[in-house]
Number of protein chains: 2
Amino acid sequence: MSLKFVLLTLLDRKPATGYDIVREFDDAIGYFWNASHQQVYRELGSMTDSKLLKFKQIKQDDKPDKKLYSLSITGKKALQAWLENPVKIQKNKNLLLVKLLNTNSKNVALMQEELERNISDSDALRNTYLELERNYYSPQQRRTLPAEQVMIYAALRKGILSIEAHLAWLKEVRDLLQQSFGG
Amino acid sequence: MSLKFVLLTLLDRKPATGYDIVREFDDAIGYFWNASHQQVYRELGSMTDSKLLKFKQIKQDDKPDKKLYSLSITGKKALQAWLENPVKIQKNKNLLLVKLLNTNSKNVALMQEELERNISDSDALRNTYLELERNYYSPQQRRTLPAEQVMIYAALRKGILSIEAHLAWLKEVRDLLQQSFGG
DNA sequence: AACTCATATGCACATTGTTGCATAAATTTT
DNA sequence: AAAATTTATGCAACAATGTGCATATGAGTT
């Protein structure tokens, strides 16, 4: 259901092939959405069947042929209609917390290892994000940021704020574990 | 795949019926996991078929009969094995960001409305969480917190830190929108 | 007596997501 | 010349999840 609107959004911004979209998921869009190439191709196919999309077959000399998808009038209306109503707040699942729920006096060490691993992974990710921000969104660059790039930057900011909150939480849990189950 | 380990975790803490588990998802466990009653009953069934769980049929005079599930030896081993290896970091999808990606000079007002709605909803949720913390996890109560309740508190802390980060981000985006598309 | 609610469990179907496999043209590497 | 990589698209099978419907007991309400 949701992937449909993601594709409408991306193709409304810029016509693209399935291959292009998958690459976008590996890039900036990947910070807030993801889908496999099979899922993308299948959805593009069924959205074309239901007249939301159209495509132009493009012949290329140096590379295989491709299909450039874009929105039909129906597609534009569907996107517009979707934009009109509020998005539902989504609850995130947290498998790490499920694991931690199994903590007892016999396996504290295991859980502490897991926490340390998460802390260093999260810290690494945080640094990656901060470097991206430094390289692509310096105060100078932000002053001349094209309108269509603003929300891409917002996505990066979401990534940064989320990972920092997560990191702070991981450290809290480490302390909590220390206090309740001993070192 | 993951629901299996959630159920193993919950039933290892305390034998329960499908109905009990669904109620747990409506309660504290719901802060980091959720599943519909159909999903729960179905999974309990298939886990019993694959010998991970066993159940006792309990006859009740005042209420319908029920099945009290608990882990088999195989189930305990499967849970233990799962605990041994690291949990994968999970990427969260963000449908709000998908919607915001559609921002342009013609629909800024719509997006601003959406942001304000999200801000007040998130603020309300934050207050709910903080009240829970005040009522059930005061510094005093925390000193005598039973070991098996520690991670339930950690779950609440995750909820609080996440919603606060989300709220801070929403306000950033509001400013960003103001700067880039005008009020 | 009929209705509603809480307790308790389940099936069937549709949609969504994952995994593995398959194809094919052109370029680059070995 | 053969092998690997990049670009490009897709099917089939299966697993996971969601939606709607169905059933049944006992208690309390109208």
Quick one: is [X] getting a side-chain N or O under 4.0 Å of the [N] phosphate, OP1 or OP2?
{"X": "B:Tyr41", "N": "C:dG10", "result": "no"}
{"X": "B:Ser36", "N": "D:dT19", "result": "no"}
{"X": "A:Ser2", "N": "C:dT16", "result": "no"}
{"X": "B:Tyr19", "N": "C:dT7", "result": "yes"}
{"X": "A:Lys67", "N": "D:dG10", "result": "yes"}
{"X": "A:Gln38", "N": "C:dT18", "result": "no"}

Can we say A:Asp20 and A:Arg23 salt-bridge, meaning some charged N sits less than 4.0 Å from an Asp/Glu carboxylate O?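 Looking at A:Asp20 and A:Arg23, the cut-off is met.
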inquiry  = What I want to find out is whether A:Arg126 reaches A:Glu164 closely enough, with some N-O distance under 4.0 Å, to be called a salt bridge.
reply    =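 Counted as a salt bridge, because a side-chain N and a carboxylate O are separated by less than 4.0 Å.
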Within this structure, what is the [atom1]-to-[atom2] distance between [X] and [N], rounded to whole angstrom?
{"X": "B:Met1", "N": "D:dC14", "atom1": "CE", "atom2": "C1'", "value": "13 Å"}
{"X": "A:Lys59", "N": "C:dA24", "atom1": "NZ", "atom2": "C1'", "value": "16 Å"}
{"X": "B:Leu68", "N": "C:dT7", "atom1": "CG", "atom2": "P", "value": "16 Å"}

Requested in this report: Examine distances only and state if a side-chain atom of B:Arg13 and a backbone atom of A:Leu101 form a donor-acceptor pair shorter than 3.5 Å.
Outcome: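 Such a contact is found between B:Arg13 side chain and A:Leu101 backbone.
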Quiz item: Among C:dG17, D:dT9, D:dT17, which nucleotide sits nearest the side chain of A:Lys66?
Solution: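 Of all the options, the side chain of A:Lys66 is nearest to D:dT9.
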- Item | Which nucleotide in D:dT9, D:dA8, C:dT9 has an atom nearest any side-chain atom of A:Gln60 |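 In terms of side-chain proximity for A:Gln60, the closest of D:dT9, D:dA8, C:dT9 is D:dA8.
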- Query: Could a donor-acceptor pair under 3.5 angstrom be found where the side chain of A:Arg42 meets the base of C:dT18?
  - Reply: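 Looking at the base of C:dT18, it does pair with a donor or acceptor on the side chain of A:Arg42 (distance under 3.5 Å).
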Requested in this report: Map A:Pro64 and B:Glu43 onto DNA chain D by nearest heavy atom, then report which one ends up closer to the 5' terminus.
Outcome: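 Whichever sits nearer the 5' end wins; that is A:Pro64.
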Would you say NZ of A:Lys54 has more than 12 non-hydrogen atoms from neighbouring residues, nucleotides or ligands within 6.0 angstrom?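 No, the 6.0 Å shell around NZ holds no more than 12 heavy atoms from other groups.
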